[in-house]
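Fair warning: this is a prediction, and the values are worked out from it, not measured in the lab.
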Amino acid sequence: MKTIQKTAIALVASSLMATAAFAQTAPAAAPEAPEVSPITANISLVSDYRFRGISQSNLRPAIQGGFDYSHESGFYIGNWNSSIQWVNGNSPGVASSIEMDFYAGIKKELIGEGFASDFGVLQYYYPTSGNFTSPNVNPNTTELYAAQNYTFGPITGFLKFSYAVTNTFGNQNSSGSYYPDLTANYDTGIWGLALNGHVGYQYIAGSQTGNPVSNSSQYSYTDWKFGLTKDFGGGLSLAAAYIGTNAKKLSSGYAYVSPAGKNLGGSTGVLTLTKTF
């Protein structure tokens, strides 16, 4: 009996030692990947804030930033802001130094992986000091938009259509204005560099009160951009772009003009440093 017990004890001990030895040599389990936060943020410094090719900062630098929340269902909501100067002088005694954009929508891959469809609403809001003499010159604008994103290997981008359901950035009787645009990016695979291209057409509907000339013939235009972006990693990037428009020169001056008489839609180079979190 004692011999049997000793044999059993020896077998158990041998088994435990083998298990311990296996545990010491087996690779440790890989740590779980950190959960991706549904909230992201960004901040940028730009040499000239160009919106649809037109300077919003009077050809001067601007600071920008915003926050986004994205749900796994595809719903998202966000806010983006930038310093501006163009509203000043739009109406006597009225000034604004900031643009605040509020947007919400849903983004889903309805066609296939890498082809997300995006539908939403965007409110451009300009908090001002003083009151506008007429609601027609109030720059606050609401747009509906639909976009189709695409991915073809190293090429990504989107085709988008924006439609104004209010007056457009202070233009009288301009509800129904629209802006289709196409953006493409090419990842070179070299040193974190990507090529960027964009073209869009801003159509301004209606006409100024008492003026038989249409807004379209005076204020509609095409804009374009060619650029290069360097990704430094860690959410830091630097973009350089050449931006231009064919915004018209009117008999009274440029269609989009600074207080100093400069063309706000003239071609120029723009640098943008961005950090995302």
Item checked: Between Ser117 and Gln148: side-chain donor-acceptor atoms closer than 3.5 Å -> yes
Next item on the list: State yes or no: do Met100 and Val121 share one hydrophobic cluster built from I, L, V, M, F, W and Y residues joined by side-chain heavy-atom distances below 4.5 Å, directly or via other members?
Entry: no
Check: Just wondering, are more than 12 heavy atoms of other shown residues or ligands nearer than 6.0 Å to NZ in Lys262?
Finding: no
Next item on the list: Describe, in one word, how the ring planes of Phe51 and Phe169 are oriented to each other, choosing from parallel (under 30°), tilted (30 to 60°) and perpendicular (over 60°).
Entry: perpendicular
Check: Should Gln208 and Asn215 be marked as a side-chain hydrogen bond (donor to acceptor under 3.5 Å, both in side chains) after you check the CA-CA gap, both sets of side-chain angles, and the distance that decides it?
Finding: CA-CA 7 Å; Gln208 306 293 309; Asn215 284 335; 2.8 Å; yes
Next item on the list: Considering non-hydrogen atoms only, spot the tightest contact between Ala62 and Tyr49 and give its length.
Entry: CB-CB, 3.9 Å
Margin query: To the closest 0.5 Å, what do you measure between NZ (Lys275) and CG (Leu45)?
Written below: 13.5 Å
Check: With a 3.5 Å cut-off and no angle check, do the side chains of Gln64 and Ser82 form a donor-acceptor pair?
Finding: yes
Check: Can you check whether Ala205's main-chain N or O pairs, donor with acceptor, with Ser177's side chain at less than 3.5 Å?
Finding: yes
Notebook entry, point to check: Checking ring-ring contact (aromatic ring centres under 6.0 Å, His included) against Tyr221, which of Tyr201, Tyr203, Tyr256, Tyr254 comes through?
Noted result: Tyr256
Check: Could you state the interatomic distance from CG (Leu273) to CZ (Phe232), rounded to the nearest 0.5 Å?
Finding: 8.0 Å
Margin query: Going by side chain to side chain donor-acceptor pair (under 3.5 Å), name the pairs with one or both residues in residues 222-247, residues two or more places apart or in two chains.
Written below: Tyr179-Asp223, Asn196-Thr229, His198-Asp223
Notebook entry, point to check: With distance as the sole test, does Ser47 use its side chain to make a donor-acceptor pair with the main-chain N or O of Leu271 at under 3.5 Å?
Noted result: yes
Next item on the list: Kindly indicate whether the side chain of Asn81, heavy atoms from C-beta on, has any atom under 4.5 Å from the side chain of Ile63.
Entry: no
Item checked: Salt bridge flag under 4.0 Å for residues Glu143 and Lys160 -> no
Margin query: How long is the straight-line distance from OH of Tyr126 back to CD1 of Ile98, given to the nearest 0.5 Å?
Written below: 11.0 Å
Next item on the list: Verify side-chain hydrogen bond (donor to acceptor under 3.5 Å, both in side chains) between Ser96 and Thr128, making sure each step is shown before the conclusion.
Entry: CA-CA 5 Å; Ser96 179; Thr128 59; over 6 Å; no
Checklist line | Aromatic ring proximity, centroids under 6.0 angstrom, Phe152 and Tyr186 | finding: no
